[in-house]
A.B. asks: 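Pasting in a structure now, in structure tokens, and then I'll have a few things to ask.
Just so it is clear, the model here is predicted, and its values are computed rather than measured.
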Amino acid sequence: MSTGYSSTIDTYATLAATKAEALRRSPAGFFAGAILAGTYIGIAMILALSTASGLEPGVRPLVMGATFGLGLILTVFAGAELFTGYVMYIGFGLARRTITIADALKLAVVVWIGNLVGGVILSLVFAAGGGGAIFANADSMFHAYVLHKVSVDATALLARAILCNWLVCLAIWTAARMTGDAAKCIAMAWILLAFVAAGFEHSVANMTALTLGLLVPQSSIDLAGMVRNLAIVTVGNTIGALVFVVGGYLAASKTDAAVAPANRG
């Protein structure tokens, strides 16, 4: 396990440059990877909602949190382009000047749109298949779940989104500093359990959840509510990554030079 911070920062700054080059080399291929990430997070969202739909309210958050980690594990190990993680890569890339502001904006926009397309496609296919336990138990759980997302106060929504991506990026950061695939999976799943069980807001997960909210019979939300949620949550996710992970570890990395001589002994 790494003890310093700069090496991990440099790894992600280099990754940002690699991703910017990949987008330039093959926009269509890169966009396909972003679509895949939207479906992977969407699959985890569907799994979490399905397993929790028939449970008592008190245990739903824990069950949803325990199952949602599948999405990030698929994204990291199968490979895909996920917006919430990209904010961290972009932040470190800008700090280390491995990418330009134009690169950062292109990456963020293309990945976000691709994630949305993936979430919508997955939702349409799932709804065409009947909607499973989510639609079957919509009156007892799902309607209330999505209605809360579109009606909650904007300040609360923003705060929950900030907290969410602080944890998501921390899961990715932590896994990068560990050895062993099993350890990485456990760490990511455990950290994601915290954000889901606590009720924080993930923009890409909401792309699937709220699309399903529009497709479920007798929907209680509308497109305007979905747009409002995604706009606020996207801003909050961006702040969470840039301030608390990128900003936090850039500041912490200033200690690396001070402790390096002692470590050489």
Side-chain angles (χ1 to χ4, degrees), residues 6-45 71-124 161 164-166 168-177 184 188 192 202-208 211 227 230-247 249-250:
S6 293
S7 62
T8 311
I9 291 171
D10 291 341
T11 295
Y12 283 122
T14 301
L15 180 61
T18 300
K19 296 297 187 181
E21 175 57 30
L23 176 57
R24 287 190 289 269
R25 184 169 55 249
S26 177
F30 188 87
F31 192 68
I35 292 174
L36 289 175
T39 64
Y40 296 161
I41 298 299
I43 288 168
M45 186 80 260
L72 189 58
I73 290 170
L74 280 174
T75 299
V76 171
F77 284 93
E81 319 300 336
L82 179 63
F83 172 78
T84 44
Y86 260 71
V87 180
M88 179 179 71
Y89 310 158
I90 288 168
F92 286 133
L94 289 173
R96 290 291 197 257
R97 299 182 180 180
T98 60
I99 59 171
T100 65
I101 293 176
D103 289 331
L105 292 175
K106 289 176 186 176
L107 285 169
V109 171
V110 171
V111 172
W112 192 95
I113 294 174
N115 290 172
L116 177 63
V117 171
V120 170
I121 291 172
L122 177 68
S123 300
L124 289 169
C164 170
N165 212 30
W166 186 357
V168 172
C169 290
L170 192 57
I172 299 171
W173 169 277
T174 301
R177 292 166 61 81
K184 292 174 185 286
M188 288 189 292
L192 261 60
H202 190 282
S203 56
V204 182
N206 285 357
M207 291 171 182
T208 292
T211 301
V227 171
L230 292 182
I232 296 171
V233 173
T234 297
V235 172
N237 287 169
T238 302
I239 294 171
L242 293 182
V243 174
F244 293 103
V245 181
V246 175
Y249 281 112
L250 284 172

A.B. asks: Please tell me if the side chains of Ile9 and Leu250 come closer than 4.5 Å, counting only heavy atoms from C-beta onward.
C.D. replies: yes

A.B. asks: Any side-chain heavy-atom pair from Val168 and Asn165 closer than 4.5 angstrom?
C.D. replies: yes

A.B. asks: Determine the minimum heavy-atom distance between His202 and Val233, stating which atoms define it.
C.D. replies: C-CG1, 3.8 Å

A.B. asks: With no hydrogens and no angle check, is any side-chain donor or acceptor of Thr39 less than 3.5 Å from a backbone partner on Leu36?
C.D. replies: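 Yes, because the side chain of Thr39 sits within donor-acceptor range (under 3.5 Å) of the backbone of Leu36.
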
A.B. asks: Would you say the side-chain atoms of Asp103 and Thr100 include a donor-acceptor pair closer than 3.5 Å?
C.D. replies: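 Side-chain D/A pair, Asp103 to Thr100: present.
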
A.B. asks: In Å and rounded to the nearest 0.5 Å, what is the CG to CD1 distance from Leu116 to Ile121?
C.D. replies: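 The distance works out to 9.5 Å.
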
A.B. asks: Looking at OG1 of Thr75 and CD1 of Ile172, how far apart are the two atoms once the value is rounded to the nearest 0.5 Å?
C.D. replies: 8.0 Å

A.B. asks: If you look at every heavy atom in Ser203 and Phe83, which pair is closest and at what distance?
C.D. replies: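 Distance-wise, the nearest heavy atoms are OG-CD2, 3.9 Å.
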
A.B. asks: Measure the CD1-CG distance between Ile90 and Leu105 for me, rounded to the nearest 0.5 Å.
C.D. replies: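 Ile90 atom CD1 to Leu105 atom CG measures 8.0 Å (nearest 0.5 Å).
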
A.B. asks: Any side-chain heavy-atom pair from Val76 and Lys184 closer than 4.5 angstrom?
C.D. replies: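 SC-SC contact between Val76 and Lys184 ruled out.
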
A.B. asks: Any chance you could measure Met207, atom CE, to Met45, atom CE, to the nearest 0.5 Å?
C.D. replies: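 Spacing of CE (Met207) from CE (Met45) equals 13.5 Å.
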
A.B. asks: For Gly71 and Ala44, which heavy atoms make the closest approach, and how far apart are they?
C.D. replies: N-CB, 3.4 Å

A.B. asks: At what distance, to the nearest 0.5 angstrom, does CG of Leu124 lie from OG1 of Thr208?
C.D. replies: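 That separation rounds to 10.0 Å.
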
A.B. asks: State, with a plain yes or no, whether a side-chain heavy atom of Phe30 is found less than 4.5 Å away from one of Val111.
C.D. replies: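 Heavy-atom side-chain distance check passes, below 4.5 Å.
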
A.B. asks: Do Leu94 and Ile99 come within less than 4.5 Å of each other through their side chains, counting heavy atoms only?
C.D. replies: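 Side-chain contact under 4.5 Å: yes.
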
A.B. asks: With side chain to side chain contact (heavy atoms under 4.5 Å, CB included) as the test, would you mind laying out the steps for Phe92 and Asp10 before giving the verdict?
C.D. replies: CA-CA 8 Å; Phe92 286 133; Asp10 291 341; over 6 Å; no

A.B. asks: Within the side chain of Asn115, is there an N or O that forms a donor-acceptor pair under 3.5 Å with the backbone of Ala205?
C.D. replies: no

A.B. asks: I want to check something: taking the side chain as every heavy atom from C-beta on, are Ile73 and Leu192 in contact at a cut-off of under 4.5 Å?
C.D. replies: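 Heavy-atom side-chain distance check fails, nothing below 4.5 Å.
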
A.B. asks: Taking all non-hydrogen atoms of both residues, which atom of Gly33 and which atom of Ala80 are closest, and how far apart?
C.D. replies: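 Shortest heavy-atom separation between Gly33 and Ala80 comes out as O-CB, 3.5 Å.
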
A.B. asks: Taking all non-hydrogen atoms of both residues into account, name the closest pair between Met88 and Val245 and its distance.
C.D. replies: SD-CG1, 3.6 Å

A.B. asks: What orientation do Tyr89 and Tyr12 show, parallel under 30°, tilted 30 to 60°, or perpendicular over 60°?
C.D. replies: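 Answer is parallel, since the angle falls under 30°.
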
A.B. asks: Quick check: does any side chain N or O of Thr98 sit under 3.5 Å from a backbone N or O of Ala13, one acting as donor and the other as acceptor?
C.D. replies: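 Confirmed, Thr98 side chain pairs with Ala13 backbone.
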
A.B. asks: Would you call Tyr249 and Thr8 a side-chain contact if the rule is heavy atoms closer than 4.5 Å?
C.D. replies: no

A.B. asks: Closest approach of Ala241 and Val87, non-hydrogen atoms and distance?
C.D. replies: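 Heavy atoms of Ala241 and Val87 come nearest at CB-CG1, 3.5 Å.
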
A.B. asks: Could you state the interatomic distance from CG (Leu72) to OG1 (Thr84), rounded to the nearest 0.5 Å?
C.D. replies: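 The OG1 atom of Thr84 is 7.5 Å from CG of Leu72, to the nearest 0.5 Å.
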
